[in-house]
Q: 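Structure below; questions to follow.
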Amino acid sequence: MLVYPSGIDLSSSTLQYLSRLLSVRRLERGTRWRRLSADRQALLVLAHLRCGHTYAQLAAGFGVGFATVYRYVAEAVEVLAAVAPDLAAAARTAARKAFVILDGTLLPIDRIAADRPYYSGKHKKHGMNVQVIADPFGRLLWASPALPGAVHDVRAARDHGIIDVLARADVACWADKAYRGAGGTLRVPHWGRWETLSTGQKAVNRSHAKIRALGEQAVATLKSWRLLRKLRCATTRITSLVQAVICLHLASSD
């Protein structure tokens, strides 16, 4: 396999943050020697998460075995997922904002037609449903554990407890029509065909759409980590991958 130098569109602070976490893990385990230093392991993991490079490509590029790459990535994802913010922490952050935006997105996965629980009728593809909370500027605050793609957005929000947590924190939340009937502090557009809405309802829906559009920036931020654009791993690992990405994103945003 040919090897060439490449770049990752992340700051050095992100690399240093992950490297520190990995160094602490090595001290906890009493590791004496590794094929790669903590810095190199962190770089390998960032190349996988940010650029979507496969284990085979990383093994060739870093001069290690395929199994070593798998262990290094799994270890880093575990470390990052352990320190990722939970919904309660996100609610405390959201309480300091004027409002938040809730949106759902589908992370495509490699599945066959027989895997019906993972098929999203809305997106016409297999994937995992992830709920995203953004601040009024469209900055990503939190992403939920992954559920099968067939799960509707409002059900996912209820299952994760998002509606109840935001209501207890008294945080106003803008969401689209997929969350109709959710209750709590969620605000959704007026329901009905455009031509049947009143002038006032149309004006409200236009304003609502402009606010919710900022939430798409948070979804785009999540999917800027290219590994999440087409996942080919076990579905049980996807939640940890999303949590790892959120942790790295928030660390680089501080």
Side-chain angles (χ1 to χ4, degrees), residues 18 21 44-59 66-90 102-134 140-163 165 175-176 178-179 215-216 218-250:
L18 179 53
L21 292 179
L44 181 152
V45 173
L46 292 178
H48 177 63
L49 295 176
R50 186 69 175 183
C51 304
H53 293 328
T54 65
Y55 292 161
Q57 291 171 324
L58 295 171
F66 185 94
T68 301
V69 173
Y70 177 86
R71 289 195 302 271
Y72 279 178
V73 171
E75 179 184 42
V77 169
E78 179 185 351
V79 169
L80 289 168
V83 297
D86 57 11
L87 180 56
L102 175 64
D103 198 5
T105 188
L106 188 81
L107 301 182
I109 60 174
D110 187 16
R111 285 296 182 273
I112 61 175
D115 294 321
R116 297 300 300 176
Y118 300 99
Y119 184 79
S120 169
K122 175 183 177 181
H123 297 89
K124 309 299 181 184
K125 65 177 68 174
H126 293 81
M128 300 294 286
N129 181 303
V130 173
Q131 300 294 300
V132 173
I133 295 178
L140 183 61
L141 296 179
W142 180 79
S144 73
L147 293 175
V151 177
H152 196 271
D153 281 340
V154 68
R155 178 187 162 191
R158 286 173 176 152
D159 288 350
H160 294 310
I162 298 172
I163 300 169
V165 169
D176 60 26
Y179 299 89
E216 295 297 331
V219 173
T221 297
L222 184 66
K223 292 187 176 181
S224 65
W225 298 77
R226 295 175 184 84
L227 182 70
L228 301 182
R229 297 179 185 177
K230 184 66 173 181
L231 291 156
R232 294 178 174 84
C233 61
T235 55
T236 54
R237 295 185 57 213
I238 294 176
T239 292
S240 295
L241 288 171
V242 172
Q243 290 174 335
V245 165
I246 290 296
C247 185
L248 288 170
H249 168 72
L250 294 178

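The shown structure was predicted, so the numbers you read here are calculated from the model rather than taken from an experiment.
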Q: What closest approach, in Å, do Asp103 and Tyr179 show between heavy atoms, and which atom pair accounts for it?
A: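 Taking Asp103 first and Tyr179 second, the nearest heavy atoms are C-OH, 3.3 Å.
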Q: What heavy-atom pair brings Ala156 and Val151 nearest, and what distance separates the two atoms?
A: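 Heavy-atom minimum between the residues: N-CG1, 3.8 Å.
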Q: Does some side-chain heavy atom of Leu107 sit less than 4.5 Å from a side-chain heavy atom of Arg229?
A: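 When only atoms from C-beta onward are counted, Leu107 and Arg229 do not touch, as no gap falls below 4.5 Å.
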Q: Do you know which two heavy atoms are closest between Leu102 and Ala157, and how far apart they sit?
A: CD2-CB, 4.3 Å
Q: Return the CG to CG distance between Leu44 and Leu58, rounded to the nearest 0.5 Å.
A: 4.5 Å
Q: List, one per line, each side-chain donor-acceptor pair under 3.5 Å for residues 66-90, sequence neighbours excluded.
A:
| unit_1 | atom_1 | unit_2 | atom_2 | d |
| --- | --- | --- | --- | --- |
| Thr68 | OG1 | Arg71 | NH2 | 3.4 |
| Tyr72 | OH | Arg35 | N | 3.4 |
| Tyr72 | OH | Leu36 | N | 3.3 |
| Glu75 | OE1 | Arg34 | NH1 | 3.2 |
| Glu75 | OE1 | Gln41 | NE2 | 2.8 |
| Glu75 | OE2 | Arg29 | NH1 | 3.3 |
| Glu75 | OE2 | Arg34 | NH2 | 3.0 |
| Asp86 | OD1 | Ala88 | N | 3.4 |
| Asp86 | OD1 | Ala89 | N | 2.9 |

Q: Per the salt bridge (Lys or Arg N to Asp or Glu O under 4.0 Å) rule, what does the pair list look like for residues 120-133, sequence neighbours excluded?
A: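 Sorted result for residues 120-133: empty, none.
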Q: Could you measure the distance from the CE atom of Met128 to the OG1 atom of Thr105? Nearest 0.5 Å is fine.
A: 12.5 Å
Q: Shortest non-hydrogen contact from Val130 to Ala143?
A: CG1-CB, 4.0 Å
Q: Do you see a donor-acceptor pair shorter than 3.5 Å between the side chains of Arg50 and Ser224?
A: yes
Q: Quick check for you: to the nearest 0.5 Å, what is the distance between Leu250 atom CG and Leu140 atom CG?
A: 6.5 Å
Q: How many angstroms lie between CD1 in Ile238 and CG in Asn129, if you round to the nearest 0.5 Å?
A: 11.5 Å
Q: Considering only residues two or more places apart or on different chains, which pairs with a residue in residues 141-159 satisfy salt bridge (Lys or Arg N to Asp or Glu O under 4.0 Å)?
A: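 As it turns out, the salt bridge (Lys or Arg N to Asp or Glu O under 4.0 Å) pairs with a partner in residues 141-159, which skip direct neighbours, are Arg155-Asp159.
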Q: Please report the closest heavy-atom contact between Ala218 and Val132, naming both atoms and the distance.
A: CB-CG1, 3.8 Å
Q: Specify the closest pair of heavy atoms between Leu241 and Cys233, including all atoms of both residues, with the distance to one decimal.
A: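 Minimum heavy-atom contact is CD1-SG, 3.7 Å.
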Q: Given 3.5 Å as the limit, does a donor-acceptor pair link the side chain of Thr239 with the main chain of Pro145, or not?
A: no
Q: When rounded to the nearest 0.5 angstrom, what is the spacing between CZ in Arg226 and SG in Cys51?
A: 5.5 Å
Q: Set out, in order, the CA-CA distance, both residues' side-chain angles and the distance that settles ring-ring contact (aromatic ring centres under 6.0 Å, His included) for His126 and Tyr118, then state yes or no.
A: CA-CA 5 Å; His126 293 81; Tyr118 300 99; 7.8 Å; no
